Amino acid sequence: MYQAGIYCRISIEEQKKASEYSNSIHSQIQMAKDYIADHSDVVEVKIYADDGASGSNFERAEFRRMLADIELGIINMVILKDVSRLGREHIDTNYYLGKYFPEKRVRVVSILDHYDSSVATYNELLEIKTLLNDMYLRDTSKKIKTIIQTKRSMGEYTPKEPPFGYVKSKTIRNHLEVDAYAAKVVSRIYRMYLSGFGCTVICRVLNEDHIPSPAKYKKEVLNSGYAWKTGKGLWTPATVRGILKNPVYMGAIVLRKYDKPSYKLSYRKAIPLEELELVPDSHEPIISKEDFEKAQEIRKEHRVPYFDKNKEPHKYVGLLFCGKCKTAMRKRYLASYNGYDGYMCGFHQKMGQNYCELNHITFEKLDELVVFAINQQLKQMKSDLKNMESHMAQRKPETDKQIAGLEKKIEKNAEYRKKAYEKFMDDVLTKAEYLELKQIYENENKQYQKELQDLKKTEQEQTETVRDAEKWLRNFSRGKLTVKQLSREILSEFIDRIYVYPNQKIDIYFKFVSENGSTKK
């Protein structure tokens, strides 16, 4: 008796929902049910329906659920309307049909392809069909790109959400019209930027004037159904930078913003602003072409990331955060007060005291605390390592004995199950008796396998912990670490992150932690 799973799929392009499933999903299910009704040795167990899922990859929720059920032995048969429902990508589809399903002894029936793996092997004709499906996928991808680029070349704005400052016309399809209120905000941003104000100052002014951010404006003012769920609705430097580099504000449509290596991949790479293909005069501009180009020149001059005023790398970059708001700390120099030179909360520096309190630490104090914490950690690790090695040596004979015992039990159960099957085939056991014994042996083996896996995992984790600790200690075999030896390489190798709190207190989280956990100073 075959325990069958019905697998159905429909792509977003094919999707026309009428109820819980689209009509096409319904037809696929009904076709499979009709097949099952005509075959007395097949029982329907589950339906797996990926509604609105592309066939270009196999990372689909219902498909993965079906594979999990195959691994658990819940189903041993898969029924499809045709092979294209399984997938349109040639290589992976061939893998599942030609290797995975046969190895798992899963019967596959593709109704419209007249293919049944129980009576026919995966043949060249079906392989050619999967290749044609792949070609169809590539052709569809190319057609969609062509349609979108054609629309954009005619001045249409194809993304669903219009940029801040515009709304979509209700009379002309995909045409942008100026939103008077938001357009004034965009013009104000450009005027301030061209007058010498930085992005952080612009944000502060807009927030203090209670100007809603683009996301908040679209959702709460325009009521456009924009799915904004996170953040405080404040302007941020990233939002301002996005407006300053968007050519749409000078009346242009961008033909293509990203390069994609393959239609099979989700990865894409942004095309540099100066290399973008633009369709000018597609809609009413908010900013003149001259002002937009001036803004880009200013942006180029301001790009000096992760370096201080002496052009030296910021050795704590990516590791140092404000303990209050969790924002990255930034280097800060004050010529009038050298004792203040150090690291300041980035959010406070950008937005002011209304957003996060003044939180800083001097260069000397930070290095001193970090070096002390690392040395304390290493001292504790030496003690922990010695205790752990002693404990592992004492436990190993007992662990080896437990592992051997479990492996023996699993092997015996497999033999018992085999003998039960032979007795069933010889009519010594009834089918019900055999299935009951089979279930008992399988349940016992699952428990034994879990216990065995847990033992081996614990043993492996302890071994890796000892090895990592030894690696750390070898790096500092010369003795205590000093402030002069503290480098970017040491910090990035051993420290996960550092939180700084008022009164120059810090909280360090190490990549390898002793039994005492993080170190606070």
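These numbers were taken from a predicted model, which means no experiment stands behind them. Throughout, residue positions are numbered sequentially from 1 according to the sequence presented.
When side chains are defined from C-beta on, Met77 counts as touching Ile79, because their heavy atoms get closer than 4.5 Å. The closest side-chain heavy-atom distance from Ile286 to Tyr190 is not below 4.5 Å. Using a 4.5 Å cut-off on side-chain heavy atoms (C-beta onward), Ile495 and Ile374 make contact. Between Asp507 and Ile498 the shortest side-chain heavy-atom distance does not fall below 4.5 Å. Taking 4.5 Å as the limit, every side-chain heavy atom of Val167 sits out of range of all side-chain heavy atoms of Leu176. The closest side-chain heavy-atom distance from Lys81 to Leu112 is below 4.5 Å. Between Tyr48 and Asp69 the shortest side-chain heavy-atom distance falls below 4.5 Å. Side chains of Val500 and Tyr343 form no contact here, defined as non-hydrogen atoms less than 4.5 Å apart.
Looking at every heavy atom in both residues, Ile508 comes nearest to Val370 through CD1-CA, 4.0 Å. For the residue pair Phe363 and Gly342, the shortest heavy atom distance occurs at CE2-CA, 3.2 Å. Residues His283 and Val248 come closest through the heavy atom pair NE2-O, 2.9 Å. The shortest heavy-atom contact between Ile6 and Ala32 is CG2-CB, 3.5 Å. In this structure, Trp235 and Asn207 approach most closely via the heavy-atom pair N-OD1, 2.9 Å. Taking both residues in full, the closest heavy atoms of Gln28 and Arg9 are given as NE2-O, 3.0 Å, listed atom of the first, atom of the second, then distance.
Ring-plane geometry between Tyr96 and Tyr100 is classed as perpendicular, the angle between the planes exceeding 60 degrees on a 0 to 90 degree scale with a lower cut at 30. Ring planes of Tyr181 and Tyr217: parallel class, angle under 30° (limits at 30 and 60°).
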side-chain contact (heavy atoms from CB on, under 4.5 Å) evaluation trace for Ile361 with Leu369: CA-CA 11 Å; Ile361 189 167; Leu369 292 175; 4.2 Å; yes
Candidate pair Tyr249 and Asp291, rule side-chain hydrogen bond (donor to acceptor under 3.5 Å, both in side chains), full reasoning: CA-CA 10 Å; Tyr249 295 113; Asp291 285 347; over 6 Å; no
Verdict with supporting geometry, Glu297 and Lys294, salt bridge (Lys or Arg N to Asp or Glu O under 4.0 Å): CA-CA 5 Å; Glu297 290 300 320; Lys294 286 179 185 177; over 6 Å; no
CA sep, side-chain torsions, deciding dist, call: Lys46, Arg65, side-chain contact (heavy atoms from CB on, under 4.5 Å): CA-CA 10 Å; Lys46 283 190 180 182; Arg65 189 166 71 92; 3.9 Å; yes
Derivation of the side-chain contact (heavy atoms from CB on, under 4.5 Å) call for Tyr193 and Cys199: CA-CA 7 Å; Tyr193 192 69; Cys199 293; 4.1 Å; yes
Step-by-step side-chain contact (heavy atoms from CB on, under 4.5 Å) determination, Glu284 to Glu177: CA-CA 7 Å; Glu284 182 182 349; Glu177 293 180 348; over 6 Å; no
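Among residues two or more places apart in sequence or in another chain, the salt bridge (charged side-chain N to carboxylate O under 4.0 Å, His left out) test is passed with Lys450 by Asp454. Lys104 meets the salt bridge (charged side-chain N to carboxylate O under 4.0 Å, His left out) test with Glu71; sequence neighbours excluded.
Geometrically, Arg497 engages Phe321 in a cation-pi contact defined by less than 6.0 Å to the ring centre and at most 45° from the axis.
Using a cutoff of 4.0 Å between basic side-chain nitrogens and carboxylate oxygens, Lys33 and Glu44 are scored as salt-bridged.
A donor-acceptor contact shorter than 3.5 Å links the side chain of Asp50 to the backbone of Phe63. A distance-only check finds no donor-acceptor pair linking the side chain of Asp113 to the backbone of Asp82 [under 3.5 Å]. Formation of a donor-acceptor pair under 3.5 Å by the Ser110 side chain with backbone atoms of Val83 is found in this model. In this structure, Asn246 contributes its side chain and Gly242 its backbone to no donor-acceptor pair below 3.5 Å.
We find the NE2-CD1 distance between His175 and Ile253 to be 9.0 Å, quoted to the nearest 0.5 Å. Once rounded to the nearest 0.5 Å, the distance linking SG of Cys8 with CD1 of Ile25 reads 5.0 Å. Atoms CD1 and CD, from Ile287 and Glu293 in turn, are 13.0 Å apart once rounded to the nearest 0.5 Å. Distance NZ/Lys365 to NZ/Lys505: 7.0 Å, rounded to 0.5 Å. Atoms CG and SG, on Leu320 and Cys322 in that order, are 9.5 Å from each other to the nearest 0.5 Å. Summarising the geometry, atom CG belonging to Leu80 is positioned 8.5 Å from atom OH belonging to Tyr7; distances are rounded to the nearest 0.5 Å.
Within a 6.0 Å radius of CG in Asp496, other residues, nucleotides and ligands contribute more than 12 heavy atoms.
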Identify every side-chain donor-acceptor pair in residues 182-189 under 3.5 Å, counting partners at least two apart or on other chains, and give the distances.
residue : atom : partner : partner atom : Å
Ser187  : OG   : Ala183  : O            : 3.1
Arg188  : NH1  : Asp209  : OD2          : 3.4
Arg188  : NH2  : Asp209  : OD2          : 2.6

